[in-house]
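Position 1 is the first residue of the sequence, and the numbers go up from there. Indexing begins at 1, ligand by ligand and atom by atom, following the structure's order.
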Amino acid sequence: RAKGEGRNIYKVYVEFMDEQNYHSFLLERDLRKAIANEEFVAYFQPRVDGRTGRITGAEALIRWMHPSLGLVSPGEFIPLAEETGLIIPLGKWMKKKVCEQLVIWRESGFPLLPISVNISSQRFLQKEFAEDVKELLTQFQLDGKWLELEITENSLMRNEEYVLQTLHELKEMGIKIFIDDFGTGYSSFHYLKKFRLDGIKIDRSFVQNISCESDNAGITVAMIQMAHHLRMDVIAEGVETEEELAFLLDQNCHYVQGFYFGKPCSIEEFEEKFMKKIIAKG
Ligand code: C2E
Ligand code: MG
Ligand code: MG
Ligand code: MG
């Protein structure tokens, strides 16, 4: 019987794999079409100075409006896009979209906010990356300070010379660069020292329950102090509760992002909820 059971487990496993493969096959096919049809939407999530509640910027997060599945979150298609190289056109779409939005705001008299865009390491490591960004800024006549980039730790771990050169070029354009999901990748203090980046974003997994989970508290406090010593900004991601915010402020981590302040939302909603407030305050 044990043998039979083993076979069953094996069979279930194979079927599961097949279904998975089939699912990603369909998803990849749809994703290619989606790029051609521009089925994507940029959502914005505010970044806030936790001391005052003032908005200091926003992060652009991609959403896919699938014709039959509805809104698909990036967790479901970014990994596939990375695998298939489709992340390259997706990333280009997003950066352009953000620049277009900044121009719309500028022309309609909204005060501008820096908007950060997530950059896949594949894209970051392409030779023409910095040049493409420069072209985009020129095309839209935008100052680099309005476009911020979030890269991950593994983007820094390749060809050191290339990375230094790219970071240098981006810095020349006035673009700020943050390490996203800090602490979850192959963090190396060497890279932090070597590449003078503008800031880190502490991953949500460390911020969760920070006021009662002493491991998370210890790690986060250490990250905040280290970043400040290196004169880097710190943004805490995934702040959901008042207790988490209080803890972070107490540790001098002032910049925060999370559901407590606002979920990612459509640009219209973002303007309604957050930008009109800035205008009202003057
Ligand atoms: P990320 O860059 O670390 O973005 C933060 C994620 O955390 C977002 O998930 C956001 O909705 C979520 N989040 C923010 N605050 C909270 C909170 O308080 N609680 C909880 N539970 N979640 C919170 P989202 O939008 O699903 O994006 C997931 C990931 O997909 C992003 O992680 C990023 O790595 C990737 N991604 C999203 N848009 C793009 C894009 O345009 N290009 C690339 N390359 N990657 C993207
Ligand atoms: Mg991010
Ligand atoms: Mg993150
Ligand atoms: Mg991420």
Side-chain angles (χ1 to χ4, degrees), residues 31 34-35 38-48 50 55 57-65 71-101 114-126 129 133 136 147-155 176-185 187 197-210 216 220 223 233-245 247-248 255-267 269-270 274:
L31 197 54
I35 290 169
E38 295 207 37
E39 290 168 10
F40 300 98
V41 187
Y43 267 35
F44 284 7
Q45 184 180 33
R47 240 166 37 210
V48 170
I55 295 207
E59 177 174 8
L61 295 155
I62 199 164
R63 299 289 181 267
W64 178 7
M65 291 295 227
L71 207 66
V72 186
S73 74
E76 291 183 54
F77 66 91
I78 292 284
L80 184 69
E82 299 258 11
E83 240 173 76
T84 53
L86 292 170
I87 193 72
I88 303 293
L90 273 186
K92 283 190 180 158
W93 177 85
M94 187 48 130
K95 267 203 277 17
K96 183 153 177 268
K97 180 75 198 170
V98 165
C99 289
E100 280 171 357
Q101 191 55 49
I115 308 292
S116 67
V117 175
N118 293 283
I119 305 296
S120 83
S121 60
Q122 258 185 74
R123 177 67 182 127
F124 183 78
L125 295 166
Q126 279 189 330
F129 177 68
V133 172
L136 202 63
L147 182 70
E148 299 183 340
L149 305 180
E150 297 187 10
I151 62 176
T152 51
E153 290 160 11
N154 51 351
S155 288
K176 282 191 174 178
I177 298 164
F178 292 83
I179 307 186
D180 202 1
D181 308 333
F182 188 76
T184 63
S187 325
L197 297 157
D198 297 282
I200 59 172
K201 296 187 80 172
I202 300 179
D203 191 66
R204 187 171 86 224
S205 59
F206 301 115
V207 173
Q208 250 166 16
N209 300 318
I210 196 177
N216 270 0
T220 301
M223 288 185 192
D233 280 340
V234 188
I235 301 169
E237 292 193 296
V239 177
E240 291 186 356
T241 67
E242 207 176 321
E243 291 74 37
E244 288 162 359
L245 173 65
F247 184 97
L248 291 160
Y255 302 114
V256 284
Q257 181 181 337
F259 292 176
Y260 183 70
F261 301 97
K263 292 191 174 183
C265 60
S266 70
I267 291 171
E269 217 181 316
F270 184 84
F274 304 107

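- Checked against a 3.5 angstrom limit, the closest N/O atoms of S73 and ligand 1 fall outside it.
- Judged by the shortest distance from any of its heavy atoms, S120 lies inside the 4.0 Å radius around the atoms of ligand 1.
- Close approach of ligand 1 to I87 (heavy-atom distance below 4.0 Å) involves ligand atoms 44 (N).
- Of all atoms in ligand 1, numbered sequentially from 1 with element shown, those under 4.0 Å from a heavy atom of P264 are 11 (O).
- Under 4.0 Å from ligand 1, not a single heavy atom of K201 appears.
- Around atom 43 (C) of ligand 1, the closest heavy atom drawn from D180, V98, V239, N118 belongs to N118.
- When side chains are defined from C-beta on, Y260 does not count as touching E244, because their heavy atoms never get closer than 4.5 Å.
- Residue Y260 has no N or O atom closer than 3.5 Å to an N or O atom of ligand 1.
- Its N, O or S atom nearest to the Mg ion (ligand 3) is what matters here, and for D181 that atom is OD1.
- Under 4.0 Å from ligand 1, the heavy atoms of R204 that appear belong solely to its side chain.
- Close contacts of ligand 1 with D181, meaning ligand atoms under 4.0 Å from a residue heavy atom, involve 3 (O).
- In E150, the N, O or S atom that comes nearest to the Mg ion (ligand 2) is OE1.
- Between F182 and V234 there is no side-chain heavy-atom pair separated by less than 4.5 Å.
- When only interatomic distances are considered, the shortest N/O to N/O separation between G258 and ligand 1 does not fall below 3.5 Å.
- The nearest pair of heavy atoms linking F77 to R63 is CZ-C, 4.4 Å.
- Taking 2.8 Å as the criterion, E237 counts as a coordinating residue of the Mg ion (ligand 3), since one of its N, O or S atoms falls below it.
- The atom of E59 that is an N, O or S and sits closest to the Mg ion (ligand 2) is OE2.
- In this structure, G75 has no heavy atom closer than 4.0 Å to ligand 1.
- At a heavy-atom cutoff of 4.0 Å, ligand 1 is contacted by both the backbone and the side chain of L61.
- Close approach to E240 involves these atoms of ligand 1, each under 4.0 Å from a residue heavy atom: 17 (C), 18 (O), 19 (N), 20 (C), 21 (N).
- The shortest separation from a heavy atom of Q45 to ligand 1 is under 4.0 Å, placing the residue in contact.
- Looking only at side-chain heavy atoms (C-beta outward), F44 and P264 stay at 4.5 Å or farther from each other.
- The shortest N/O to N/O separation between E82 and ligand 1 does not fall below 3.5 Å.
- The two atoms that bring G50 and L245 nearest to each other are CA-CD1, 4.1 Å, heavy atoms only.
- In this structure, F247 and V207 have side chains that are not in contact, with every pair of non-hydrogen atoms separated by 4.5 Å or more.
- Centred on the Mg ion (ligand 2), the OD1 atom of N118 and the OD2 atom of D180 lie at an angle of 80°, reported to 10°.
- Of the N or O atoms in E59, one or more lie within a sub-3.5 Å distance of an N or O in ligand 1.
- Scored by the side-chain hydrogen bond (donor to acceptor under 3.5 Å, both in side chains) test, N216 finds E213 as partners (sequence neighbours excluded).
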Can you give each donor-acceptor pair under 3.5 Å made by side-chain atoms of residues 84-96, sequence neighbours left out, with the distance rounded to 0.1 Å?
from: T84; atom 1: OG1; to: L80; atom 2: O; distance (Å): 2.8
from: T84; atom 1: OG1; to: A81; atom 2: O; distance (Å): 3.4
from: W93; atom 1: NE1; to: E38; atom 2: OE1; distance (Å): 3.0
from: K96; atom 1: NZ; to: E100; atom 2: OE2; distance (Å): 3.4

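- Under the 4.5 Å side-chain criterion, counting only non-hydrogen atoms from C-beta, D181 is not in contact with E153.
- Side-chain contact between L149 and K176 is absent, with no heavy-atom pair separated by less than 4.5 Å.
- At a 4.0 Å cut-off, at least one heavy atom of R63 sits close enough to ligand 1 to count as contact.
- With hydrogens and angles disregarded, no donor-acceptor distance shorter than 3.5 Å links the side chain of N118 to the backbone of E150.
- Side chains of T152 and T184 form no contact here, defined as non-hydrogen atoms less than 4.5 Å apart.
- On a distance-only criterion, P74 and ligand 1 share no N/O pair closer than 3.5 Å.
- The CG atom of D203 sits 9.0 Å away from atom CD of Q208, with the distance rounded to the nearest 0.5 Å.
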